Amino acid sequence: MEEADEARLPSRLTRLLSALFYGTCSFLIVLVNKALLTTYGFPSPIVLGIGQMATTIMILYVSKLNKIIHFPDFDKKIPAKLFPLPLLYVGNHMSGLQSTRKLSLPMFTVLRKFTIPLTLLLEAVILGKQYSVNVVLSVLAIVLGAVIAAGSDLAFNLEGYIFVFLNDIFTAANGVYTKQKMDPKELGKYGVLFYNACFMIIPTVIISLCTGDFQQATEFSHWKNVLFIIQFLFSCLLGFLLMYATVLCSYYNSALTTAVVGAIKNVSVAYIGMLVGGDYIFSLLNFIGLNICMAGGLRYSFLTLNSQSKPKQPVDEESIPLDLKS
């Protein structure tokens with residue numbers, strides 16, 4: 001029995017594929033949301049988030065009805081088992097919106113990197129994980145690179161700084177608690193996704209109605225534009241895939257690995273921006289910082305994938321995708 005459990009532990013390929021899946025989904029949703037919110041000028045990112053949550057609920061519920069996946073039916077113990085994930089997600093969403101409005105993109109990017117050391121700290125405190133000195137140095141290199149890259153844009157905005165650090169705390173706590181709640185004997189991966197979306201969508205709808213955000217969305221002029229509708233629906237689907245990919249990456253790897261993959265994705269976007277788009281202004285300091293950040297991320301990836309002591313993850317047979325069972 002013990003040998004069978006060992007055989008079902010996630011392989012290095014499974015861990016790598018889950019990380020690549022998360023990075024790809026995260027990259028694609030940035031492109032699609034950028035087109036919706038900037039090119040088309042869609043006025044309501046909150047309504048877009050509601051669409052993504054609703055898509056998640058619908059896909060998972062239909063999959064459960066058709067016995068494709070399994071997660072527990074609702075009972076009175078579910079809210080206690082899930083707490084505080086819904087609150088952390090809503091806090092993360094709201095603080096993220098406020099900080100992006102009040103800070104320049106370079107400063108927002110550098111301050112968001114502090115999510116990574118916060119995740120490392122919370123994993124040590126809440127999950128009791130221990131990391132080697134090399135892993136810690138890799139994480140510090142990512143943060144140092146981001147600070148250097150944004151060194152030419154140190155505009156001070158206290159309110160913006162407060163919101164972005166709250167955003168960092170919410171993001172790190174959400175990742176670590178998601179990892180903790182995914183015990184297959186409790187909610188499992190799909191249970192966490194489904195019930196988290198169910199509890200999140202209610203307060204988000206209320207916030208949208210109270211702020212007039214929902215009314216702005218309903219009065220938007222492009223609802224008859226077929227291309228806009230296709231991209232809106234694609235964003236909703238990508239929202240589900242990103243939530244799923246985040247849970248999958250944290251399940252097979254760790255919350256810290258998920259945070260580092262996100263940082264590598266951001267640097268990759270900057271590299272692509274140097275070649276296409278035309279809005280990247282070259283700065284030696286910025287270029288050096290990006291390279292340090294990428295080097296730290298790649299070093300972390302190498303150390304994680306080549307570590308001989310793999311973390312023993314709980315195996316939820318019903319929730320392992322068919323393409324990852326091989």
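Side-chain atoms are counted along with the backbone in the values below, which use heavy atoms only and exclude waters and symmetry mates. These figures come from a predicted structure and were not determined experimentally.
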Are side-chain heavy atoms of Q216 and V47 found at a separation under 4.5 Å? no
Hey, does T178 have a side-chain heavy atom less than 4.5 Å from the side chain of Y251? no
By ring pair (Phe, Tyr, Trp, His ring centres under 6.0 Å), F74 pairs with (sequence neighbours left out) none
Are the side chains of F83 and P79 in touch, meaning some heavy atoms are under 4.5 Å apart? no
Applying a strict under-4.5 Å side-chain criterion to I, L, V, M, F, W and Y, I'd like to know whether I68 and V62 cluster together. no
Taking all heavy atoms of S208 and all of I50, pick out the closest pair and write down the distance. CB-CD1, 4.0 Å
Counting C-beta onward and ignoring hydrogens, is there a side-chain heavy-atom pair between F71 and L193 closer than 4.5 Å? no
Closest approach of T119 and A172, non-hydrogen atoms and distance? OG1-CB, 3.4 Å
Do T257 and Y252 come within less than 4.5 Å of each other through their side chains, counting heavy atoms only? no
Verify, without hydrogens or angle tests, whether N196 (side chain) and V192 (backbone) share a donor-acceptor contact under 3.5 angstrom. no
Decide whether L241 and I230 are clustered together by the hydrophobic rule: side chain heavy atoms of Ile, Leu, Val, Met, Phe, Trp, Tyr closer than 4.5 Å, transitively. no
Does the S250 side chain pair with the main chain of V247, one donor and one acceptor, at a distance under 3.5 Å? no
Inter-residue atom distance I116.CD1 - T258.OG1, 0.5 Å rounding: 11.0 Å
Measure from the side-chain N and O atoms of K181 to the backbone N and O of K81, and report whether any donor-acceptor pair falls under 3.5 Å. yes
Student check: side-chain heavy atoms of Y22 and L248 closer than 4.5 Å: no
Please report the closest heavy-atom contact between A19 and C249, naming both atoms and the distance. CA-SG, 3.8 Å
F214 CZ: over 12 foreign heavy atoms closer than 6.0 Å: no
Contact summary for I201 and A54, nearest pair of heavy atoms: CD1-N, 3.9 Å
Min side-chain heavy-atom separation D73-K64 under 4.5 Å: yes
Side-chain heavy atoms nearer than 4.5 Å, only ILVMFWY residues, links allowed to pass through others: does that put L28 and L242 together? yes
Does F232 belong to the same Ile/Leu/Val/Met/Phe/Trp/Tyr cluster as F220, with side-chain heavy atoms less than 4.5 Å apart forming each link? yes
Separation between CG (L303) and OG (S138), nearest 0.5 Å, reads 5.0 Å
With sequence neighbours left out, the residues meeting ring pair (Phe, Tyr, Trp, His ring centres under 6.0 Å) with F199 are none
Is there a path of hydrophobic side-chain contacts, each under 4.5 Å between heavy atoms of I, L, V, M, F, W or Y residues, that connects L118 with V139? no
Between N134 and R299, is the side-chain contact (heavy atoms from CB on, under 4.5 Å) condition met? List the steps. CA-CA 9 Å; N134 284 332; R299 175 64 176 164; 4.1 Å; yes
Side-chain donor or acceptor of N92 paired with backbone N/O of F170 under 3.5 Å: no
Do the ring planes of W223 and F42 sit parallel (below 30°), tilted (30 to 60°) or perpendicular (above 60°)? perpendicular
Judged by atom type as modelled, is there a donor-acceptor pair below 3.5 Å linking the side chain of D75 to the main-chain atoms of K77? yes
Is F240 close to M243 at the side-chain level, that is, under 4.5 Å between some pair of heavy atoms? no
Let me confirm one number: the CD1-OH distance from I57 to Y195, rounded to the nearest 0.5 Å. 11.0 Å
On a heavy-atom basis, which atom in K113 and which in A146 lie closest, and how many Å separate them? CG-CB, 3.3 Å
Spacing of C236 atom SG and L48 atom CG [to the nearest 0.5 Å]: 6.0 Å
When rounded to the nearest 0.5 Å, the distance separating OG of S95 from CG of N167 is 3.5 Å
Over 12 non-hydrogen atoms of neighbours within 6.0 angstrom of OH in Y61: no
Is the side chain of T55 donor-acceptor paired with the backbone N or O of L237 at a distance under 3.5 Å, no angle test? no
For the student: nearest non-hydrogen atoms of P117 and V143, plus distance: CD-CG2, 3.7 Å
Is it true that Y244 and T56 share a donor-acceptor pair across their side chains at a distance under 3.5 Å? no
By the side chain to side chain donor-acceptor pair (under 3.5 Å) test, which pairs, at least two apart or in different chains, include something from residues 227-241? N33-S235, Y40-Q231, Q52-S235
Nearest 0.5 Å, please: how far is CG in L137 from CG in L144? 11.5 Å
